[in-house]
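Residue numbers run from 1 in the order of the sequence given. One-based numbering, in listed order, for ligands and for the atoms of each. No experiment lies behind these values; they were computed from the predicted model shown.
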Amino acid sequence: MILALLTDGADQFTSGEAVSGKLGLSRAAVWKHVESLRRKGYRIEAVSSKGYRLLEIPDRLTPLELTAHLETEEIGRTIHYRDSLESTNELAFQLAVEGAAHGEVVLADQQTRGKGRRGRSWVSPPGKNLYCSVILRPELIPQRAPELTLVAAVAVAAALREFGAEAQIKWPNDLLLNGRKVAGILTELSAEQDRIHFAVLGIGVNLNGEPSEFPEELRSTATSVRHELGTPVVRAAFAAAMWAHLEEWLRRHGERGFGPVRDAWKEISATLGKKVLVKSERIELQGVAEDIDETGALLVRTAPGTVERVVAGDLEQAVAARE
Ligand code: BTN
């Protein structure tokens, strides 16, 4: 595909001959493709003695843009893209019920009713950020499903770090940049007693939005990569990198279990060692977050000699450095 060849060529010219040779197309057909890419917003320089050079990629998220970046075998090889959706998780869930395969992804430029954890909403304006849901069909017992969310958190953090953003993870799966939330994960499950039918991993990453676009109550706690780093992120490139990390971490998890995920999670945790207040439907407790156990539950020391195990909840944590 021409786009992939030109992307591989980075800022160098790729000769028309090389393009037509590799793709088995006539020079005229190559020119037609270039023209159609230009109509889609790609800026491609054409110099008769040198060939073609890609100058600018439009920041779109359609399968065409994404395929040029994809390095995965399964995740994102089938993409259901929509300009606008209520929620990518909703469509992914529906597609999975209808039989969609492991690795299929639903992706939207904007969401009109993006869902956050615990019934909250996820602000999802068009043109700036990433909203996707990955369908997984893991061979896991349902009791181990929470591990998947931590696998995803480690993978999203790895992608953010690849793009220069030193993300940390706040238990269980909020991604923070300089102490503010930059991404969130919402996992939804269809399972019976002893079998997971599928899991939908909903991932929202604030890439290029500005905190001023968030509702008042989120402005001091949310941020975006662009806001923190000062440079925009090409969404398709980020999505492809994130799925590659996800595929890699899922493979590791499948082969070696939760141990390596737990180690990676702990390494970049923003929570361990902090004073925390945990609120869930059932409990409220305060203490120091000491560790996560082999299932991903948070271990909180509430008093000398007493450690509580927390499997779900919201966390308020001290902003101070590790104690
Ligand atoms: C959180 O509350 O931290 C989880 C936020 C998850 C948001 C993502 S955006 C893509 C996917 N579709 C949704 O409706 N929600 C998730």
- Task: Quick one: list whatever passes side chain to side chain contact (heavy atoms under 4.5 Å, CB included) with Ala155, sequence neighbours left out.
- Result: His245, Leu246, Trp249
- Query: Which pairs, with at least one residue in residues 130-145 and sequence neighbours excluded, count as a salt bridge (charged side-chain N to carboxylate O under 4.0 Å, His left out)?
  - Reply: Arg144-Glu147
- Under a 4.0 Å N-O cut-off, is there an ion pair linking Arg53 with Glu45? yes
- Set of residues satisfying side-chain hydrogen bond (donor to acceptor under 3.5 Å, both in side chains) with respect to Arg262, sequence neighbours excluded: Asp291
- Backbone N or O of Gly16 within a donor-acceptor pair of the Ser20 side chain at under 3.5 Å? yes
- Message: With a 4.0 Å heavy-atom cut-off, what residues sit around ligand 1?
- Response: Ser87, Thr88, Asn89, Gln111, Gly114, Lys115, Gly116, Arg117, Trp122, Tyr131, Cys132, Ser133, Asp174, Lys181, Gly184, Ile185, Leu186, Gly202, Ile203, Gly204
- Item | Salt-bridge contact Glu248-Arg252 (side-chain N to carboxylate O under 4.0 Å) | yes
